[in-house]
Amino acid sequence: MTQSCDAFAAALLVWFDQNGRKHLPWQKMRTPYRVWVSEIMLQQTQVGTVIPYFERFVARFPDVEALAAAEQDEVLHLWSGLGYYSRARNLHAAARRVVTEHRGKLPTDIDAWQSLPGIGRSTAGAILALSRGKRHPILDGNVKRVLCRYHGIETWAGESETGKALWVLAESHTPKRRLAAYTQAIMDLGATVCVRQQPRCRACPLRRGCSAFLNRATDAIPAPRPKKPRPLRRTRFLILRDQDQAVLLERRPPSGVWGGLWGFPECPVEADPARTCAERFGLKPSGASYLKPRQHGFTHFRLQIEPVLLDVNADANADRIMEARSVLWYKGASSNRLGLAAPVGRILGELPPRAGG
DNA sequence: AAAGCGGGGAA
DNA sequence: TTCCCAGCTTT
């Protein structure tokens, strides 16, 4: 007798029918395009955060042609606040490639998906399983946690040997039928039951076979990433504000921190802000006030931002500055649809009013 | 304050 | 192949 799936998958599917999430926005009209967008948004971001972004994004770009035709600025604007902006740039670039290279047809095989920017093995497998019911394993953070606990894997999942072993296990548990349900089920279990801290093992359909549960090891598994110290870096944000309360923003380089987003000009903390302002923009500030420094956290370092507010009179120079496409005077969200780096948006909302302005 | 999360690209 | 990078939310 051949069974269509192992005990792991069978228990998971039974659980899913009762407890799985079936009304997420990307589960209505479950087209490959919508599943693709949702999977990219979900890569480093939780469901609750993604939902409003997803709704806005697919309302504006309902299909791959609409996305491909968009300006990058508008794509980044709709992504602004979600983080990891290379996801948005890659999604946009991939949409353009699908239109030019596949005449707008989304791929049906996993290699074609994986050759698109921003799509690796797990994301490609998830898209095909969820939207077309094809048999491919996935291995995202939730699945790694479930498999490490179930199989009692005590090494860190980010280690390459551990990762290989997890892919083999993921493949072996993947059933031959009900691929969309199974794929959603294992993600849902990780997100709602087999959570990192205080997992709800009493509600888990897999506990009878779960090594970590049977050995009371759910606190130790999954093993945490080996941690490294995060150095502190400092930078200055130059906030040039003219007599109409408009603020000068620069487009950041396409790669690196906040790549492609708009932000304040930066200068090293050793430099003189007023002189930098004069040298780079030909504007002589009438005063400089040092605003409260703030810290912004990244994975590998912390950034101390020291904002300096410089009041300038821009009339004579505005045109010359604007000739460069990478600079603009920002008058508020109503007049510009741009992607702003998160701390830039916060600082803009907290600026003190200009005296006599 | 610290940890988590998937993939790209440089080394 | 192996590092290093990215930005927000949750705890």
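Just so it is clear, the model here is predicted, and its values are computed rather than measured. To find a chain, count down the sequence lines: A is the first, B the second, and so on, and within it residues start at 1.
- Between the P atoms of B/dA11 and C/dA6, the separation comes to 14 Å (whole Å).
- In this view, A/R145 satisfies the salt bridge (Lys or Arg N to Asp or Glu O under 4.0 Å) rule with no residue, not counting sequence neighbours.
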**Fill in**
Quick tally for nucleotides 4-11 of chain B: nucleotides whose base has a protein heavy atom under 4.0 Å get B, sugar-phosphate-only ones S, the rest -, giving SBBSS---
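- Not a single salt bridge (Lys or Arg N to Asp or Glu O under 4.0 Å) links A/R34 to another residue, sequence neighbours left out.
- Summarising the geometry, the separation between CG on A/L82 and P on C/dT10 is reported as 12 Å, rounded to the nearest angstrom.
- Between A/E306 and A/K292 no salt bridge is recorded (no basic side-chain N to carboxylate O distance below 4.0 Å).
- Here A/G48 lies out of heavy-atom contact (under 4.0 Å) with every strand.
- Scored by the side chain to side chain contact (heavy atoms under 4.5 Å, CB included) test, A/N19 finds A/W15 as partners (sequence neighbours excluded).
- Applying the salt bridge (Lys or Arg N to Asp or Glu O under 4.0 Å) criterion to A/R21, with sequence neighbours excluded, gives A/D188.
- Between the CG atom of A/L76 and the P atom of C/dA6 there is a distance of 16 Å, given to the nearest Å.
- Checking C/dC8, C/dT11, C/dA6 against every side-chain atom of A/Q197, the shortest atom distance belongs to C/dT11.
- Computed from coordinates, the A/W258 CH2 to C/dC8 C1' distance equals 12 Å when rounded to whole Å.
- In this structure A/R200 satisfies the salt bridge (Lys or Arg N to Asp or Glu O under 4.0 Å) test with no other residue, sequence neighbours excluded.
- Mapping A/K164 and A/G81 onto DNA chain C by nearest heavy atom places A/K164 at the nucleotide closer to the 5' end.
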